[in-house]
Amino acid sequence: MAAAGTRLVRVTDAVYAAVTGHVNWTLVTGDDDRVLLIDAGYPGDRAAVLGTLAELGRRPEDVAAILLTHAHVDHFGTAIWFAAEHRTPVYCHADEVGHARRDYLEQVSAAQLARHAWRPRWLRWSAQIAALGALTRAGIPTAAALTAELAATLPGAPRPVPTPGHTGGHCSYLVDAVLVSGDALITGHPVSDRVGPQLLPSVFNHDQARCRASLATLAAVDAELLVPGHGDVWHAPIRDLAAQA
Ligand SMILES: [Zn+2]
């Protein structure tokens with residue numbers, strides 16, 4: 001069973017979304033025992049990530065690779081552990097590799113967040129994510145660029161859809177007709193009252209104009225199932241969701 005607060009949603013025969021109150025990750029099963037993870041929660045989500053693998057009958061060593069939509073701590077936290085402990089390959093867009101290795105950091109600072117701390121939602125959220133290990137500065141030295149040849153060998157043969165803006169090398173993935181959009185398009189967030197297709201608050205986005213341009217990229221994706229980085233799984237044409245956001 002997955003840890004309390006984590007729901008494992010079967011999106012297709014091969015694609016499962018782990019939805020928590022703070023961040024999501026995606027599991028893609030293959031024809032064999034292998035499984036692909038797209039994103040991997042906070043460092044403190046390790047037990048929950050392992051719980052979702054177990055729910056699908058998979059062990060940590062069955063994880064063929066972890067794809068990152070981007071290298072923010074809420075999406076790659078437990079990938080740090082997989083890479084160190086199980087030598088799990090971790091891939092992301094070529095433009096995100098330096099970020100994943102922590103050669104530099106493109107993440108909202110504590111000082112920027114402090115300006116929002118008068119809002120109860122933000123204050124509560126900040127305390128919760130700190131407890132999940134949000135303040136770690138660790139990177140993944142072995143992170144590498146996902147090439148087309150590599151992607152073809154992974155469960156589900158995911159197709160990268162580059163969506164820079166939230167970070168410089170942010171990338172979405174199309175797998176089994178499901179769009180895994182990371183933080184390029186979300187449907188809810190602990191700091192937001194709104195439920196439905198949206199961009200993250202601009203304080204979290206490295207480049208807001210590129211975020212909007214990436215929505216146009218997503219609008220061209222022919223799919224009707226969305227697993228966002230935050231919020232619920234959504235079933236509607238992606239072009240409509242991108243337009244609403
Ligand atoms: Zn995020």
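These numbers come from a predicted model, not from an experiment. Whatever order the structure lists them in is the order used to number ligands and atoms, beginning at 1. If you read the sequence from its start, that first residue is 1, and numbering goes on from there.
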Please test His70 against His166 for ring pair (Phe, Tyr, Trp, His ring centres under 6.0 Å), starting from the C-alpha separation and ending with a verdict.
CA-CA 8 Å; His70 63 297; His166 180 67; 4.7 Å; yes
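Counting only protein N, O or S atoms, the number found under 2.8 Å from the Zn ion (ligand 1) is 4.
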Do any side-chain atoms of residues 142-156 form donor-acceptor pairs under 3.5 angstrom with protein atoms, and if so which ones, sequence neighbours left out?
from	atom 1	to	atom 2	distance (Å)
Thr147	OG1	Leu150	N	3.1
Thr153	OG1	Leu150	O	2.6

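With hydrogens and angles ignored, the 3.5 Å screen pairs no side-chain donor or acceptor of Arg87 with any backbone N or O of Ala84. With hydrogens and angles ignored, the 3.5 Å screen pairs no side-chain donor or acceptor of Thr20 with any backbone N or O of Asn24.
Within 6.0 Å of CG in Asp31 there are 12 or fewer heavy atoms belonging to other residues, nucleotides or ligands.
The ring of Trp125 has its center closer than 6.0 angstrom to the ring center of Phe204.
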